[in-house]
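Structure, as structure tokens:
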Amino acid sequence: MKHLFTIFGNPVSHSKSPLMHNLTFQGLEHDATYIRYKLEDGRELRNKFFDLNIKGANITVPHKEAAFEACDELDAFAQKVGAVNTIVHKEGKLFGYNTDAPGFLKAISEFKNIKTVLFLGAGGTAKSTSVILKDAGYEVSILNRSAGRLAYFEEMGFDTYTFESFKEQTNTYDLIVNMTSAGLEDNELPCPLEILEKVMPHAQASVDVIYGKETPFLKFAKQHDKPTKDGSDMLLYQGVIASEYFCEGRYSFEEIKEHMQKAFTL
Ligand code: NDP
């Protein structure tokens, strides 16, 4: 029987995931199809899974915490960070994973000799990615516009700053990451220009999690002749890892990547 996969989110019309996964299924001759489902209420997610007999799903904004709640079983990392972006349905049970964070880790590990990392932003994506980086031996500091979201990171033992408290900071960072949505639908920098002027000259590289456009942040990094990456590799790698779960290990990372990356050339 053909297996059905979907992305749940709101909005989902812009998502590249259906294209990425359908190209992969087609290329690997895996008998499955991947659709998009605009879900208004995250509490409905579990019922939709069973009503539509969905084999697996990705979950995007704003339902990653609802997806965490919907699962019967969680892998250790998803359990630790409280956010699920991939669910697989097996024998009546929902198994939850977080592939955003390993996708980001793989994307940045292509820059060599990085030890210290500064995150601009403290939202949901910063939470899971900071934890996986810390576990992998990176020293991560978090700088956010407002203080409210920093409590989680303080509890987890990260150095945290607001724009105000960062004025006194004299540390340097090997990698600067835009983890905010500044630049996604506007032309804003993720922090005051003075802060970027202070940290960027000492950095070895710079990454934006936003993909498909050159944000003001990435433009600034390029003006400083830094190697840069947008969020496309993170998106690709989280998708490859999700597909490994969807196809239950039948194909290797490289086999899936070969097909999935075609979505970025269309
Ligand atoms: P959240 O809504 O959870 O957090 C948003 C963060 O951005 C907060 O820290 C917020 O600060 C900050 N922020 C928003 N606007 C501005 C601004 N104008 N200036 C400064 N700070 C700002 O978002 P997510 O963590 O879910 O997503 C963050 C980004 O990651 C998005 O751009 C999203 O598209 C991208 N993403 C990319 C993925 C990929 O595969 N490439 C995967 C997942 C996400 P404050 O606390 O002060 O409000």
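For ligands, and for the atoms within them, numbers begin at 1 and follow the listed sequence. Counting from 1, the numbers follow the sequence of the chain as shown.
Electrostatic pairing of Glu255 and Arg250 does not count as a salt bridge here, judged by no charged N lying under 4.0 Å from a carboxylate O.
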Which protein N or O atoms sit under 3.5 Å from any N or O of ligand 1? Give each pair with its distance.
residue, atom, partner, partner atom, Å
ligand 1, 3 (O), Gly124, N, 2.9
ligand 1, 9 (O), Ala122, N, 2.9
ligand 1, 9 (O), Asn144, OD1, 2.8
ligand 1, 11 (O), Asn144, OD1, 3.4
ligand 1, 18 (N), Glu188, OE1, 2.9
ligand 1, 25 (O), Gly124, N, 3.2
ligand 1, 25 (O), Thr125, N, 2.8
ligand 1, 25 (O), Thr125, OG1, 2.9
ligand 1, 26 (O), Thr125, OG1, 3.4
ligand 1, 27 (O), Thr125, OG1, 3.4
ligand 1, 32 (O), Thr180, O, 3.3
ligand 1, 40 (O), Leu235, N, 3.4
ligand 1, 41 (N), Val209, O, 2.9
ligand 1, 41 (N), Gly231, O, 3.1
ligand 1, 46 (O), Asn144, ND2, 2.8
ligand 1, 46 (O), Ser146, OG, 3.1
ligand 1, 46 (O), Arg149, NE, 2.7
ligand 1, 47 (O), Arg145, NE, 3.0
ligand 1, 47 (O), Ser146, N, 3.3
ligand 1, 47 (O), Ser146, OG, 2.6
ligand 1, 48 (O), Arg145, NH2, 2.9

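Surrounding CD of Glu65 are at most 12 heavy atoms belonging to other residues, nucleotides or ligands under 6.0 Å away. Summarising the local packing, CD of Glu154 is surrounded by more than 12 heavy atoms from other residues, nucleotides or ligands at distances under 6.0 Å.
Taking the centre of each ring, Phe246 and His21 come in below the 6.0 Å mark. Between Phe25 and His259, the ring centre distance reaches or exceeds 6.0 Å.
For residues 163-217, the pairs satisfying ring-ring contact (aromatic ring centres under 6.0 Å, His included) are Tyr161-Phe166, with sequence neighbours left out.
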